[in-house]
Amino acid sequence: MATITIRDVQTFLVQTGGPGARFVVVKVLTSEPGLYGLGCATFTQRYAAVVGALKHHVIPFVLGKDVLRSEELFQMNLVQGYWRNGPVLNNAISGIDQALWDIKGKLANMPVYDLLGGKCREGAAVYTHADGRDPQEVLENVQKFREQGYRYVRIQMGGYGGKQDSLPKPESAPGGAYFDPRAYTRNMLRMMEYVREHVGGEVELLHDVHERLSPIDTVKFAKDVEPFNLFFLEDSLAPEDIEYFRMIRQQCATPIAMGELLNNPREWRLMIEERLVDFLRMHVSQMGGITAARNAALHAQIYGIRTAWHGPGDTSPVGHAANLHLDLWAPNFGIQEWCRFDSLVYDMFPGLPVVRNGYMYPSDKPGLGIDFDETLAAKYPVKDEVDWWTQTRLPDGSPTRP
Ligand code: MG
């Protein structure tokens with residue numbers, strides 16, 4: 001077979017909702033007429049920086065290269081900038097990497113899960129998000145999703161960090177998304193107790209701390225939620241505090257999930273090899289794409305750790321398709337996060353995975369099985385807006401992690 005090369009790479013910015021849903025889609029065109037691949041490079045808060053990294057640094061390097069050599073291109077892209085790692089560069093690398101897996105699948109006339117080793121399961125179990133203003137409303141939303149067939153539901157109350165009606169701020173306190181970590185833990189325990197009491201033991205409940213607590217408060221919280229039998233407690237610690245997971249492990253058996261903020265194998269190696277977490281949930285485009293995620297999944301499998309790739313509304317539909325192919329293949333798949341896209345997104349991305357009765361299924365097309373309507377997408381350009389919810393503040397007004 002004659003070598004097929006990368007002829008052009010296009011980038012698309014699409015925003016179908018608020019500032020938390022600005023997608024970066026990469027299209028790799030090849031020397032074979034009509035053959036192209038799609039990849040997700042979505043870093044929704046810094047989308048223009050990813051496009052710049054692609055345009056000036058990654059695309060000039062990959063043009064003319066053999067489309068089948070995705071491993072070599074991935075490895076060289078990691079290092080050819082000399083200074084390396086980080087969400088901007090890794091997302092740019094992922095856009096190319098995922099598109100090359102898509103192309104490889106189209107050439108082989110196989111879905112990507114078959115290239116990885118074939119399916120271990122027919123559908124991927126998903127969890128979705130329930131929120132509410134009070135425990136009763138959270139419960140109502142959990143029950144609504146139960147009726148739709150979801151068996152796993154993440155429960156929050158008042159968004160990340162919880163909403164407090166009034167906080168004692170100092171005079172002249174600046175604007176921002178204020179929260180009180182101590183009130184948050186009290187309110188969440190009250191909510192979890194109420195929901196668990198009413199749904200019984202069969203619904204799997206999850207919760208995302210979103211790194212809102214101090215390390216020692218996190219240790220206490222992980223112990224306090226143990227009676228509610230969570231499927232997992234997510235991002236209870238920040239990446240810079242990973243060593244505190246040792247303390248949680250010594251004191252309770254709450255299952256721990258972590259990873260969406262991680263960029264590099266050195267950041268998840270400790271968590272895997274010391275068995276500090278139960279679920280790896282990296283953002284596949286942020287770690288560099290399918291190649292990086294495949295490697296992490298296999299590393300985790302040796303240690304009995306399962307996958308739970310990040311799958312919120314700020315992963316593009318192409319990224320959700322990539323997640324699903326990894327899920328269907330991975331022997332150590334755990335659960336997949338799912339954000340329930342509306343019909344506009346399905347129209348824009350034909351072949352977007354579907355969820356029925358709590359399981360996610362791919363299209364029957366080769367590669368990633370997803371396409372992209374560029375004409376429709378052009379009607380939904382991104383807007384340069386400053387995110388409000390990420391301007392998080394403690395009660396005294398000091399900035400903290402969102
Ligand atoms: Mg999360």
Side-chain angles (χ1 to χ4, degrees), residues 9-17 21-30 32 34-44 47 50 67 70 91 94-116 119 122-124 126 283-286 288-291 293-294 309-330 333 336-356 359-380:
V9 181
Q10 299 169 345
T11 57
F12 300 88
L13 291 171
V14 187
Q15 181 173 352
T16 58
R22 294 174 292 207
F23 303 140
V24 184
V25 178
V26 171
K27 183 173 186 176
V28 172
L29 297 108
T30 73
E32 184 78 11
L35 177 65
Y36 60 88
L38 296 173
C40 176
T42 300
F43 177 1
T44 203
Y47 52 87
V50 175
V67 297
S70 53
N91 268 288
S94 165
I96 304 294
D97 180 77
Q98 294 190 8
L100 293 182
W101 279 94
D102 190 24
I103 289 167
K104 215 187 288 274
K106 288 174 176 174
L107 280 168
N109 198 26
M110 286 180 181
V112 167
Y113 59 72
D114 272 335
L115 301 179
L116 290 165
K119 281 195 275 192
E122 296 305 315
V126 299
H283 188 101
V284 167
S285 67
Q286 183 172 331
I290 292 171
T291 301
R294 174 201 60 189
W309 307 122
H310 195 224
D314 56 354
T315 294
S316 81
V318 178
H320 282 272
N323 284 347
L324 177 57
H325 284 266
L326 288 158
D327 297 339
L328 294 176
W329 152 75
F333 167 71
Q336 179 58 58
E337 184 179 27
W338 173 237
C339 62
R340 310 185 318 276
F341 284 118
D342 63 21
S343 59
L344 168 64
V345 180
Y346 274 90
D347 290 342
M348 197 180 289
F349 292 89
L352 175 60
V354 294
V355 170
R356 293 188 297 273
Y359 284 104
M360 189 192 282
Y361 301 94
S363 78
D364 56 3
K365 301 283 191 301
L368 291 173
I370 190 165
D371 213 335
F372 178 50
D373 185 336
E374 296 166 31
T375 310
L376 179 57
K379 295 177 185 163
Y380 297 90

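Quick caveat: nothing in here was measured; it's all calculated off a predicted structure.
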Mark yes or no for whether Tyr359, through its side chain, and Val354, through its backbone, hold a donor-acceptor pair below 3.5 Å.
no
Where the side chain of Asp314 meets the backbone of Thr44, is there a donor-acceptor pair that is under 3.5 Å apart?
no
Answer yes or no: is there a donor N or O on one side and an acceptor on the other, between the side chain of Asp102 and the main chain of Leu38, under 3.5 Å?
yes
Over 60° means perpendicular and under 30° means parallel, so tell me whether Phe341 and Trp338 are parallel, tilted or perpendicular.
perpendicular
Ser94 side chain to Cys40 main-chain N or O, any donor-acceptor pair under 3.5 Å?
yes
Is there side-chain contact between His283 and Trp309, with heavy atoms separated by less than 4.5 Å?
no
Could you tell me which non-hydrogen atom of Thr42 sits nearest to which non-hydrogen atom of Ser285, and how far apart they are?
O-OG, 3.6 Å
Is it the case that the side chain of Ser363 and the backbone of Gly369 share a donor-acceptor pair, with hydrogens and angles ignored and the cut-off at 3.5 Å?
yes
Report yes or no: does Asp97 contribute a side-chain atom to a donor-acceptor pair with the main-chain N or O of Thr291 at less than 3.5 Å?
yes
Given side chains that start at C-beta, do those of Arg22 and Val14 come closer than 4.5 Å, heavy atoms only?
no
In terms of the angle between their ring planes, are His325 and Tyr113 parallel, tilted or perpendicular, with boundaries placed at 30° and 60°?
parallel
Between Phe12 and Phe372, does the ring centre distance come in under 6.0 Å?
yes
Can a donor-acceptor pair be found, under 3.5 Å and without considering hydrogens, that links the side chain of Lys365 to the backbone of Ile370?
no
Main-chain N/O of Val26 paired to Thr11 side chain as donor or acceptor, under 3.5 Å
no
